[in-house]
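What follows is a short report on a single structure.
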Amino acid sequence: MLTHTGERIEDERFAPYAADLDAATLRAMWHDMTVLRGFDLEATSLQRQGELGLWVPSLGQEAAQIGSGYALRTSDFVFPSYREHGVALTRGVDLPEILRIFRGLQHGAWDPAAHGFHLYTLVIGSHALHATGYAMAMDRDGLVGTGAETDGAVVCYFGDGATSQGDVNEALVFAAVNDAPIVFFVQNNQFAISEPTTRQSRVPLAQRGAGFGVPSVRFDGNDVLASYAVTRWALEQARSGTGPVLLEAFTYRMGAHTTSDDATRYRTRADEEYWAERDPIARVEAYLRGIGELSDEAIEEAHAEAKALGRRTREAVKSWSPPPTSTIFDHVYAEPHTAVESERAWFARFERSFTDKGAHA
């Protein structure tokens, strides 16, 4: 719907789902994408400085995330993997808080119920089953297919590599046979850690949906308009009670898989230059400038906000101190558990052994 040079194209099938996107909303999308990238680059710098144990960049995938995030309702619920920082932004999560996870302080730093946004999942693909179960529960609770604005659906985000995991395929089976109101959103950034998608599938990943009887669409994941329109369509299908949908956002991971990865070992400079010309932020900026809806002042303001967020992020991260190690036992179960309490007591004795007199005799 938006070429890499910023030219608007009308798509007969999905144009109606983007008809409500006025210039102000598109500017807001561009603004969020710009601020997100600034935060992402700051987080990478913090990891390189030793302030984070790891960072998972979303560089180059801003359109897929911001566009789909804008299509969500308050009544929808998101199950992210570990790269959905843009979706987190659209759900009202304060971005610096995400870094508590990557600094090794907490398993999660926001209330999922308050944001309709589950905690990050670092085990590849495992959350697809959780998301499917949640969607089935929404259906059984009467929160789907009523025709009311309160109808909701689940969106489960994962990468191309996760489609090779058993959990994802099992989730598709359960979702299909139970008509679960869920949208499986594949961010195909073309590399699962260091393996290209061609080593995972001989056909586009969206075609896998047909094997489960799940309607599927593949679209340009670097096009924020397409991301919004296709996701909005898919969510309407899921909320109506007709069952799951599989979306493949074909995008490109402009950075490394994580900060522990060296992408130069498996990607060529030519590939990187080709996709740099298809930068998701540059194309929407070109479109808005072309129609006279993006001023130099607005661009300066967005970059200033990104810079301010980077400064706030640095200050926050460097102010955090590790909690007592005993907190690892605090949220294992919702209710007190004798085995966990026994392990907590053992760990306390173990830690005291390093300071007790004669412990090393």
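Quick note: numbers below take in every heavy atom, side chains included, and nothing from hydrogens, waters or symmetry partners.
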**OP:** Tell me, yes or no, whether the heavy-atom count around Phe174 atom CZ, taken from other residues, nucleotides or ligands under 6.0 Å, exceeds 12.
**Re:** no
**OP:** Could you walk me through whether Thr121 and Tyr82 pass side-chain contact (heavy atoms from CB on, under 4.5 Å), step by step?
**Re:** CA-CA 6 Å; Thr121 302; Tyr82 47 59; over 6 Å; no
Subject >> Gln187 and Glu84: side chain donor to acceptor below 3.5 Å >> reply: yes
Original post:
Do Arg83 and Pro57 have side chains that get closer than 4.5 Å, going by heavy atoms?
Top reply: yes
**OP:** Walk me through it: do Gln200 and Asp160 pass the test side chain to side chain donor-acceptor pair (under 3.5 Å)?
**Re:** CA-CA 8 Å; Gln200 303 175 65; Asp160 48 286; 3.1 Å; yes
Subject >> Asp139 (side chain) donor-acceptor with Ala180 (main chain) under 3.5 angstrom >> reply: no
**OP:** Please state whether the rings of Tyr17 and Phe14 are parallel, tilted or perpendicular, taking 30° and 60° as the class boundaries.
**Re:** tilted
Original post:
Can you find a side-chain donor-acceptor pair between Tyr252 and Arg267 that sits under 3.5 Å?
Top reply: yes
**OP:** Classify the ring geometry between Phe185 and Tyr157 as parallel (under 30°), tilted (30 to 60°) or perpendicular (over 60°).
**Re:** tilted
Subject >> Thr44 side-chain N/O to Asp40 backbone N/O, donor-acceptor pair under 3.5 Å >> reply: yes
Subject >> Val230 and Leu247, any side-chain heavy atoms less than 4.5 Å apart >> reply: yes
Subject >> Derivation and outcome, side chain to side chain donor-acceptor pair (under 3.5 Å), residues Tyr228 and Asp223 >> reply: CA-CA 9 Å; Tyr228 172 84; Asp223 177 359; over 6 Å; no
Original post:
Gln165 side chain to Asp167 main-chain N or O, any donor-acceptor pair under 3.5 Å?
Top reply: no
**OP:** Dump the intermediate steps for side-chain contact (heavy atoms from CB on, under 4.5 Å) on Arg289 and Ile299, then the final yes or no.
**Re:** CA-CA 10 Å; Arg289 277 187 170 276; Ile299 293 175; 2.9 Å; yes
Original post:
Would you say Asp141's side chain and Leu143's backbone share a donor-acceptor pair under 3.5 angstrom?
Top reply: no
**OP:** Ignoring hydrogens and angles, state whether a donor on the side chain of Asn188 or Thr197 is under 3.5 Å from an acceptor on the partner side chain.
**Re:** yes
Original post:
Looking at side-chain heavy atoms only, is the closest gap between Thr3 and Ile9 below 4.5 Å?
Top reply: yes
**OP:** Taking Asn222 for its side chain and Ala63 for its backbone only, find out whether a donor-acceptor pair lies under 3.5 Å.
**Re:** no
Original post:
With no hydrogens and no angle check, do the side chains of Asp271 and Thr268 hold a donor and an acceptor under 3.5 Å apart?
Top reply: yes
Original post:
Mind checking whether Phe350 and Phe347 have parallel, tilted or perpendicular rings, split at 30° and 60°?
Top reply: tilted
**OP:** Indicate if Phe158 and Leu172 have the same hydrophobic cluster label, given that clusters are the connected sets of ILVMFWY residues with side-chain heavy-atom separations under 4.5 angstrom.
**Re:** yes
**OP:** Could you check Arg239 against Glu236 for salt bridge (Lys or Arg N to Asp or Glu O under 4.0 Å), going step by step and ending with a plain yes or no?
**Re:** CA-CA 5 Å; Arg239 294 187 197 116; Glu236 289 187 9; 5.4 Å; no
Original post:
Will you find, in the side chains of Tyr287 and Arg283, an N or O donor that is under 3.5 Å from an N or O acceptor?
Top reply: no
Original post:
Any chance CZ of Arg199 has more than 12 other-residue heavy atoms, nucleotides or ligands included, within less than 6.0 Å?
Top reply: no
Original post:
Taking the six-membered ring of Trp320 as reference, does the NZ or CZ atom of Arg103 fall below 6.0 Å from its centre and within a 45° cone about the axis?
Top reply: no
Subject >> Distance-only side-chain donor-acceptor flag, Thr325 / Glu351, under 3.5 Å >> reply: yes
**OP:** Please check if Phe250 and Leu59 belong to a single hydrophobic cluster, counting links between Ile, Leu, Val, Met, Phe, Trp and Tyr side chain heavy atoms closer than 4.5 Å.
**Re:** yes
**OP:** Could you give me the CA-CA distance, side-chain angles and deciding distance for Thr313 and Leu95, then say whether side-chain contact (heavy atoms from CB on, under 4.5 Å) is met?
**Re:** CA-CA 8 Å; Thr313 299; Leu95 291 181; 6.0 Å; no
**OP:** Say whether, by atom type as modelled, one donor and one acceptor occur between the side chain of Glu248 and the main chain of Ala206 under 3.5 angstrom.
**Re:** yes
Original post:
Can you check whether Gln61's main-chain N or O pairs, donor with acceptor, with Ser58's side chain at less than 3.5 Å?
Top reply: no
Subject >> Worked verdict on Asp76 versus Leu235 for side-chain contact (heavy atoms from CB on, under 4.5 Å) >> reply: CA-CA 9 Å; Asp76 299 321; Leu235 282 166; 4.1 Å; yes
Original post:
Considering residues at least two apart in sequence or located in another chain, which fulfil the side chain to side chain contact (heavy atoms under 4.5 Å, CB included) criterion with Glu301?
Top reply: none
**OP:** Decide whether Thr251 and Asn189 meet the rule of one side-chain donor and one side-chain acceptor closer than 3.5 Å.
**Re:** no
**OP:** Using a 4.5 Å cut-off on heavy atoms from C-beta on, say whether the side chain of Leu26 contacts that of Leu225.
**Re:** yes
Subject >> Pairwise side-chain contact, His331 with His107, heavy-atom cut-off 4.5 Å (strictly under) >> reply: no
Original post:
Below 4.5 Å, heavy atoms only, C-beta onward: do Glu273 and Glu277 meet side chain to side chain?
Top reply: no
Original post:
Is it true that a side-chain atom of Thr327 and a backbone atom of Asp330 form a donor plus acceptor pair closer than 3.5 Å?
Top reply: no
**OP:** Compare all side-chain heavy atoms of Glu51 with those of Arg314 and state whether any distance is below 4.5 angstrom.
**Re:** no
Subject >> Within one Ile-Leu-Val-Met-Phe-Trp-Tyr cluster: Val186 and Val173, side-chain cutoff 4.5 Å >> reply: yes
**OP:** Could you tell me if the ring centre of Trp55 sits under 6.0 Å from that of Phe39?
**Re:** yes
Subject >> Cation-aromatic face contact Arg208/Phe212, 6.0 Å, 45 degrees >> reply: no
**OP:** Can you label the angle between the Phe117 ring and the Trp110 ring as parallel, tilted or perpendicular, going by 30° and 60°?
**Re:** tilted
Original post:
Under 6.0 Å from the six-membered ring centre of Trp233 and within 45° of its axis: does the NZ or CZ of Arg13 meet both?
Top reply: yes
Original post:
Does the Asp11 side chain pair with the main chain of Met1, one donor and one acceptor, at a distance under 3.5 Å?
Top reply: no
Subject >> Val155 side chain near Ile182 side chain, heavy-atom distance below 4.5 Å >> reply: no
**OP:** May I ask you to decide if Glu97's main-chain N or O and Asp94's side chain share a donor-acceptor pair within less than 3.5 Å?
**Re:** no
Original post:
Of Tyr120, Phe184, Tyr134, which is the lone residue that meets ring pair (Phe, Tyr, Trp, His ring centres under 6.0 Å) with Phe79?
Top reply: Tyr134
